[in-house]
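So the structure is just underneath, and the comments pick up after that.
Please read these numbers as outputs of a predicted model, since none were measured by experiment. The chains referred to below are lettered A, B, ... by the order of the sequence lines, with proteins before strands, and numbering in each begins at 1.
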Protein chains: 2
Amino acid sequence: MANIHQVAKYAGVSVATVSRVLNDQGTVTAKTRIKVEDAIKELNYEPSMLGRNLRNSESRILLILIPTISNPFYSEIIKGIETAALKHNYNILLCETDSNPERENIYFDLVRKKMADGIISMDPAVNMETLMKLAEHHSIIQCSEYALDSGIPYVTIDNEDAAYRAVKHLIRIGHEKIALINSDEKFLYARQRKLGYQKALRENGIEVQDNYMFHTQELGFDQGRQAMRKILDLDDRPTAVFTVSDLLAIGALKEIHQHGLLVPNDIAIVGFDKIDFSNMTHPTLTTIAQPMYQMGTIAANMLIDKIKGNEVDSIVLDHELIIRESTSG
Amino acid sequence: MANIHQVAKYAGVSVATVSRVLNDQGTVTAKTRIKVEDAIKELNYEPSMLGRNLRNSESRILLILIPTISNPFYSEIIKGIETAALKHNYNILLCETDSNPERENIYFDLVRKKMADGIISMDPAVNMETLMKLAEHHSIIQCSEYALDSGIPYVTIDNEDAAYRAVKHLIRIGHEKIALINSDEKFLYARQRKLGYQKALRENGIEVQDNYMFHTQELGFDQGRQAMRKILDLDDRPTAVFTVSDLLAIGALKEIHQHGLLVPNDIAIVGFDKIDFSNMTHPTLTTIAQPMYQMGTIAANMLIDKIKGNEVDSIVLDHELIIRESTSG
DNA sequence: TTGAAAGCGCTAACAA
DNA sequence: TTGTTAGCGCTTTCAA
């Protein structure tokens, strides 16, 4: 594998000139440019990013911090990030923390050690203190989940309003006994969605009952089933359930079917995220659409902006209630 | 941000000594080690991988080439890759080609330009010529999909046998009119699975009918629905369908429900991959389990071995038929 | 328009 | 055991 010196020698010019044609920059005669390009072709030369990156003190890599790649919610955001990153000549390092602090730390080290130019954090379980300390010297953007007072820019949706509208929809179609399957309230989005749930109930004169609110450690199918099992065991059984993720909703759906009950006739369900699978279930899922792809592109563009040294502002994107079969006979 | 020189100066030693304690290598007195470690702490020094990588001519990054992150089949493999990579101090660059050659080329450039030390290719649509040319000078492993005569090591399963067993299961429970929803036969796995399908039929004296075999461009839900719609339109309607991916199967399932028919009573379905969602549908899906996580760890270990300069052998992993509700009343 | 040379931060061969 | 020094491959300033 040739290096820049050999190309320079072969072309009969200096390395500086080779570098200039490589970067389409500076002033190079058409004649010398051709000499250099010929040499490059002849020697099969590929400029090494290792050298360039060291010289430029950049890696052109964006670190994406997610809890798990298994949740399609994140896959869709990642698609957006990747497309935007590519457009600016960045690439993405995928980092699944599995909510494991040790693993998280390995990934943080990558930016400390200059292997990544910035971070898009989507992990609700991220250690905020560490993240904030890191943000003092590095470019970081929060995506979807965030801490308001961290001073770290974020892109997200209005979780409270989204939950509010989901529950209001259930009330509008006649439900009064509405359960909530939430995730752990240590997460901001969980607290926000709970607020929206409660607000919708109160506004309609429905009492908020503690025994109608459930919490899960993760946002998966199994957790949805387990929570739904508890709900089905309730003496005064709810006629509708609002879950904070489609995966939870799909688990709940399964459990309801298992008990020989029907959705939405016996129990209506609303999910959250509008992942692809929410349209594949039977019945299809009413859910809150988050603009995931857009969230990804925006987060990436914000990060790249920040890396450039620009000020960037946080942004709250629109969501949308998608009414489907699980709430309408 | 301090560099190694400043640490050396602060500690009153040479940069070589700092490098030695950094890499836990060479011979350093406990006393000097402590001096250096103190300096590191004092200056908040973090060694730059940019410098180290240039010096060592390595990036410690593994490039993962997948068609799309949306298919959970790949997510699970990626989990395996990431875990194995991390164990060896490698990180993974996620590259979705979307079966777009232009995008593929951008990613190939990353290894040409030393930004990645090797590739795990899982894209069935990969340009084999380019891949083989690249393999002359770079470490590459094929995962799941492969070209036998490429000379590039692979890890996969026995697709023909897997399909054979899936169809045989359908025959055993009494089906004779069995349709196939396959993907494009330009892919090796599609040809192999078709062979298995045909073999099972022939062995049991069932005629292979061309009008029972369908092809789709992608392995998704929508393609499954469309194919199933055609099957339902058939004059002599099959009583069972073997699909080459769970996503296709889920689409087929949906379409069958839509027509007011029941699975498995009216039509039985077998999927392929055992993605998490195959257990969330109603009914749950009979499917072929691929050891995805294991495939990921093995592929990563093979690649790391290859980067080290070792010979690595291709490997065929076991699969398993998982019988669930979609084939058993 | 081009070239010489310094230097990005690190490792390792060699010398002391 | 430690230090000196030569690069790894590139970009960029300065001078010609």
Would you give the length of the straight line joining atom CD1 of B:I64 to atom CD1 of B:I120, rounded to the nearest 0.5 angstrom?
4.0 Å
How would you summarise protein contacts on nucleotides 9-16 of chain D per nucleotide, using B for base, S for sugar-phosphate only and - for none, with heavy-atom distances below 4.0 Å?
BBBBB---
Check: A:K41 main-chain N/O paired with A:D38 side-chain donor or acceptor under 3.5 Å:
no
Taking 4.0 angstrom as the limit, do B:R33 and B:D24 come out as a salt bridge?
yes
Backbone N/O of A:E58 and side chain of A:N56: donor-acceptor pair under 3.5 Å
no
Is there a donor-acceptor pair closer than 3.5 Å between any side-chain N or O of B:E96 and the backbone N or O of B:I69?
yes
Tell me, which of residues 32-44 of chain A have any heavy atom that sits under 4.0 Å from an atom in DNA chain C?
A:T32
Nearest-Å distance for atom pair NZ/P, residues B:K9 and C:dC10:
16 Å
Please output the side-chain donor-acceptor pairs of residues 295-305 of chain B that fall under 3.5 Å, not counting sequence neighbours, one pair per line with the distance.
| from | atom 1 | to | atom 2 | distance (Å) |
| --- | --- | --- | --- | --- |
| B:T297 | OG1 | B:Q294 | O | 2.9 |
| B:N301 | OD1 | B:H88 | NE2 | 3.3 |
| B:N301 | ND2 | B:T297 | O | 3.2 |

side-chain contact (heavy atoms from CB on, under 4.5 Å) with A:I61: which of B:N91, B:L110, B:I61?
B:I61
Atom CD of residue position A:Q25 - does it have more than 12 heavy atoms of other residues, nucleotides or ligands inside 6.0 Å?
yes
